[in-house]
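Heads up, the thing below is written out as structure tokens.
Below, chains carry the letters A, B, ... as their sequence lines are ordered, and counting in each starts from 1. Values below: every heavy atom of this structure, side chains too, minus hydrogens, waters and symmetry copies.
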Amino acid sequence: MNMIVTTASPATPNGTTSMPNGTTRPQVRIVIVGHVDHGKSTLVGRLLHETGSLPEGKLEMLKAVSARRGMPFEWSFLLDALQTERDQGITIDTTQIRFRTNSRDIVLIDAPGHAEFLRNMITGASQADGAVLIIDALEGVRDQTRRHGYLLHLLGVKQVAIVVNKMDRVDFAADRFKAISDEISTHLEGLGVTPTAIIPISARDGDGVAERTDRIGWYKGPTVVEALDRLEPARPLETLALRLPVQAIYKFDDRRIVAGRIESGSLKAGDEIVIMPAGKIAKIKTVESWPVTPVATRQGAGRSVGITLDRELFVERGDIVAHAGTAPRDTRRLRARIFWLHDKPLAKGDQLLVRCGPKESRATVVAIEKAVDPGELSSTENKAIGRNHVGEIDISLSNPIATDPYTENPRTGRLVIEVSGRIAGGGLVLSVDAGQRAVPVDIVPVESALRPDERSARYRHNGAVIWLTGLPASGKSTLAKALERRLFTNGGSPILLDGDTLRAGLNGDLGFSTADRSENIRRLAEVATHLARNGHIAIVAAVSPAREDRAAARRIADTAFREIHVATPAAVCEERDPKGHYKKARAGALAAFTGIGNDYETPKAAELVIDTSARTVADATDEIERMLKATGVLFDEMVDLAANI
Amino acid sequence: MDHLDQLEAQSIYIFREAFARLKKIALLWSLGKDSNVMIWLARKAFFGRMPFPALHVDTGKKFPEMYRFRDHYGKEWELDLRVDPCPPIDAVDPTLPPAARSAARKTEGLKMALAKYGFDGLIAGIRRDEEATRAKERVFSPRGLEGNWDVRDQPPEFWDQFNASPPPGAHLRIHPILHWTEADIWAYTKRENIPIIPLYLSQNGKRYRSLGDADITFPVNSTAANIDEILIELEQTKVPERAGRALDHETEDAFERLRVAGYL
């Protein structure tokens, strides 16, 4: 017969089964842990029975199975559905079972206690909001009990109810119960965990599970069901700073979507964000979804989302999107408290793969600071961390990662360690040795006091980046200066960014290697884009021979970018040679000079192509002006924009 | 976020991890309520487009309604649909009881399809609440070279960190709806207006709760003629979901034997 689950609130006629649909009730995930044979599966079987959660016929089926095997009925058979488990009499892996108390939906994770299967216990316990730690009244606190207590603490499970089982084996003696209570309380409190309840029970007979029977009449605390009913769901992550670890970038259509799950905080279109560890800054343009897109409402922790940015930044899997000002730290060095599951002990100098969310990095163990068998906390050493032991390590990473100390963010402040493609351990980030690039944490972009349309009204053009590319002496600077003069005469705000001129200052640290040339172009593009965003027309004159570098510049400047290929024939350029470069290069005195070799990559889709050997400067400037009008940079008509402001 | 939002977000996370970390994956489409929800979730994860094939390992013994459903929605959802046959019954372990033997054809068909396409990941719509051995599953569950499942040596899996490096020739089963229940599937199907095969709805006092091969799947007594009524029925019933699946009930361990050999 099903028992009614009794708590202080009035019980319904059919116990918990008649409660309304569970979707609005708080859901709490609990794990049951403890030493092998201390009675976990029996307690779970009993709990399911007492809360009326068993499928019809299940009990009868198990009674029949027990009879056929000539065994007394065992509650634990309920869960041990696998043939192997019935043979060996142990629970091998985690099982998730749902049932209800008066005010909670409980997802119960049954974790095996056998030492060999500690990894399964961790798999189960890592998902739990609360735990029940079970202790055999006769055997008392064992190594495995202490180990489980320590691991619950390590996994961040704060709510732990202690159940002292098999009280029937000690004649329900209150003093035996008190001795065990004191011992386990001392152990857990040493770890910073206060038990939410300590309950004497007999799972086999039902004392203390849903009912306080006469045999434990001296006990005044809650039953197991009541203790479960008081557990709190995990605290909301939405109140923490935004962390969106990037799972992938999708480009299935014209959108470039940054996809991932919000681990904490929240986001919305228009938010200023920073992408760590690189520290790049952008704005969220849209939050994309399916079948309806875009999404206007603020999206909070737990949501799997996709965002587009207002500019094309290089973002990759493992990056973390955060809000400017509350970004995580980037580091190549961190300390972690870990548990180790691999056969081979973890030692100083070991090469590993560390995963922090979707980010992975090769890593080296710099030091083992502490290694402990959580079963006997007294024995501490610091050479290696053995299987099923815990410890603190210092690791260096080959790639910078963005992470938080666990105390600041439980979701991003944890990592797993892989050995040969398999998870071999995991743990919490204790501290982060902030990298060279810790700066972005404190960067808060300041927006201009002026709106773009205010500037447009004055200058009668929109901001733009006019990128003149071509061989040395093709006429880029001449055209750029003519265009600058023309725009200024018409009341506009052009600014010349000549490649050579910037190399004298901003880019003075750069040489002519491929990498330096790319960086030179990147900086030119960044400066030009900043000017364009503020309504100016930045005219860039730079050889910029690499197609990829120009593509990168276009990504940076996005829709403001206009490329003009100054396609003067090479022979004409060499003949002109106003700076004498060709002459020097022919003489071998100018290394890495573009023009003589074949290293100039012709643009394929420039907005305009001009051959200065075939037309006058004024004529070419006219044509540039026409292109700027046609592509919306210059206003075609003289409209009174001021009237619209 | 309500309960269904949470389930959805978690499944999308799993889909994106599978797509990011494995080279060649496919989704096993059995045409039933669970795999239809999976396809829907995949389209959410990838913004309207499922960027990998849907694989139907066809026993040739499904209900006509199921084939009609496949042909219609395969097109409408723009799936890259691959239909692969199963070997004849003679090719299957004769020591299995009849229904299990029939179901084991599907395992063989699956192995053939895996060998043919070289998938390193198969997305499957099993749920923990369906059956006891499925409750023991990992989200990323490694399979041996023969497609077999070693329940005694499963990798640890926690904090949504998945083991995604199968050895050469082996593959992973990915279970994006492992954490859903039968009631969740129906509530979500209703909320998202996902099409269903009418066999799930009561006709003449009976309906199918779980759809498999026509010769080894039987309807249960039910008057539930729409999803709301199904949800009410699920609140009240204590009949297990797979009660109408003959193969589950032939011997105590029939289903476990099938799963260890590579069955879903």
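- Ranked by heavy-atom pairs under 4.5 Å with chain B, the list Gly300(A), Gly357(A), Gly425(A) is led by Gly357(A).
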As a quick check of understanding, evaluate side-chain contact (heavy atoms from CB on, under 4.5 Å) for Trp159(B) and Val416(A), giving each step before the final call. CA-CA 9 Å; Trp159(B) 297 337; Val416(A) 299; 4.2 Å; yes

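- Remark: Arg49(B) does not engage Asp253(A) in a salt bridge, criterion side-chain N to carboxylate O under 4.0 Å.
- In this structure, Arg16(B) CZ and Arg317(A) CZ are separated by 11.5 Å, a value rounded to the nearest 0.5 Å.
- Ring-plane geometry between Tyr250(A) and Phe46(B) is classed as perpendicular, the angle between the planes exceeding 60 degrees on a 0 to 90 degree scale with a lower cut at 30.
- Residue Ala45(B) touches chain A through its backbone alone, counting heavy-atom pairs closer than 4.5 Å.
- Heavy atoms closer than 4.5 Å to chain A are found in both the backbone and the side chain of Glu17(B).
- For Ala301(A), the part sitting under 4.5 Å from any heavy atom of chain B is the backbone (N, CA, C, O) and nothing else.
- With a 4.5 angstrom heavy-atom cutoff, Ser11(B) does not touch chain A via any of its atoms.
- In terms of heavy-atom pairs under 4.5 Å with chain A, the best-connected choice from Glu192(B), Glu8(B), Lys44(B) is Lys44(B).
- Rounding to the nearest 0.5 Å gives a distance of 6.0 Å between OH of Tyr13(B) and CD of Glu263(A).
- Heavy-atom distances place no part of Pro142(B) under 4.5 Å from chain A, backbone and side chain included.
- Annotation: maximal heavy-atom pairing with chain B below 4.5 Å, among Glu418(A), Arg411(A), Arg355(A), occurs at Arg355(A).
- With values rounded to the nearest 0.5 angstrom, Ile14(B) atom CD1 is found 10.0 Å from Gln247(A) atom CD.
- No side-chain heavy atom of Thr293(A) sits less than 4.5 Å from a side-chain heavy atom of Phe47(B).
- Rounding to the nearest 0.5 Å gives a distance of 11.5 Å between CG of Asn163(B) and OG of Ser420(A).
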Using side-chain contact (heavy atoms from CB on, under 4.5 Å), reason through Phe158(B) and Ile423(A) one step at a time and then give a plain yes or no. CA-CA 9 Å; Phe158(B) 48 91; Ile423(A) 292 170; 3.9 Å; yes

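- Scanning all heavy atoms of the two residues, the minimum distance from Gly302(A) to Ala9(B) falls at O-CB, 2.9 Å.
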Take Val107(A) and His179(B) through the side-chain contact (heavy atoms from CB on, under 4.5 Å) test and state the conclusion after the steps. CA-CA 10 Å; Val107(A) 176; His179(B) 53 299; over 6 Å; no

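- Gln161(B) contributes no side-chain N or O that, together with a main-chain N or O of Leu415(A), makes up a donor-acceptor pair within less than 3.5 Å.
- Each of Gln6(B), Gln10(B), Arg43(B) has some count of heavy-atom pairs under 4.5 Å with chain A, and the biggest count is that of Arg43(B).
- Heavy atoms of other residues, nucleotides or ligands lying less than 6.0 angstrom from NZ of Lys23(B) number 12 at most.
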